[in-house]
Undergrad: 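Would you mind keeping the following structure in view while I ask a few things?
Lettering of chains follows the sequences in order, A, B, ..., and the numbering in each one begins at 1.
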Amino acid sequence: MFKGQRGWFCGSVSPDLRQFWVAEGGTISDARAADFLFSCDASHPDTLRIYQSTDYMEDNATVFHAYYLSAVANAEIKNSVTLGHFILPPASLQKEIRRKIGNFIWEQDQHSSIEKHDAV
Amino acid sequence: ANDSCSTMLKYRCSGCIAVGKSLNSRNFSKLLHSCPYQCDRHKVIVEAEDRYKSELRKSLICNKKILLTPRRRRQPSNQS
Ligand SMILES: [Zn+2]
């Protein structure tokens, strides 16, 4: 599925998601050369560097939550998963976005492990 | 948003329907920006990110100006 694609992984991404990427034909690259930027934590220093890059400023770098990969792994039809639902915005924006549109899709996967009691 | 067409347009947001295409971190933001029918979800994210980016740009320009303007630092005088 990811044949010929280069992926950059933030240190916050667990090794099994990285392995899945490679198993599906993807390669690992540095952030500048990558086609895909994956992170699990918007406030991790690796990811912060992306948010402060010229690429990001010029709309050439969208960070995606690496749960996209687990969604792909669990999907019956692998390329039916909408990448666009896994945008990972900078941490400082997430609260405001959440207030307007509710939880992020990648947060809904975490419900079993993290119980949230935020007012809706 | 226009109520009359928002339901119809909800399903036409390029960020939502673009599946299995050659989308990636490099072209996604441009695709969203060029989409006239952003869904609420993507609109909110795009607006927030755009604001973040413009603030970043501003602060970079400020930093550059400070660096490029040769200005002798005056010693703060203790007489006041
Ligand atoms: Zn959308």
Undergrad: Under 4.0 Å between a side-chain nitrogen and a carboxylate oxygen: does that hold for A:D55 and B:R26?
TA: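 Salt bridge: yes.
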Undergrad: Between the side chains of B:R51 and A:E96, is the shortest nitrogen-to-carboxylate-oxygen separation below 4.0 Å, so that they form an ion pair?
TA: yes
Undergrad: Test side chain to side chain contact (heavy atoms under 4.5 Å, CB included) on A:D35 and A:F2; report intermediate values, then the result.
TA: CA-CA 10 Å; A:D35 303 301; A:F2 302 120; over 6 Å; no
Undergrad: Which atoms of A:S92 are under 4.5 Å from chain B, going by heavy atoms: the side chain, the backbone, both sets, or neither?
TA: side chain
Undergrad: Checking heavy atoms, do the side chain of A:L37, its backbone, both or neither come under 4.5 Å from chain B?
TA: both
Undergrad: What part of A:F38 gets closer than 4.5 Å to chain B, counting heavy atoms only: side chain, backbone, both or neither?
TA: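 Answer is neither: A:F38 stays 4.5 Å or more from chain B.
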Undergrad: With only heavy atoms counted, which part of A:I97 is less than 4.5 Å from chain B, the side chain, the backbone, both or neither?
TA: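 Both parts, backbone and side chain.
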Undergrad: Measure distances from A:Q94 to the heavy atoms of chain B and classify the residue's part below 4.5 Å as side chain, backbone, both or neither.
TA: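 Neither part.
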Undergrad: Please report the C-alpha distance between B:K53 and B:S29 in whole Å, then the side-chain angles of each, then the deciding distance to 0.1 Å, and finally whether the side chain to side chain contact (heavy atoms under 4.5 Å, CB included) criterion is met.
TA: CA-CA 12 Å; B:K53 288 171 189 174; B:S29 179; 3.6 Å; yes
Undergrad: With a 4.5 Å limit on heavy-atom distance, are the side chains of B:E49 and A:Y56 in contact?
TA: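 Result yes, sub-4.5 Å side-chain heavy-atom pair found.
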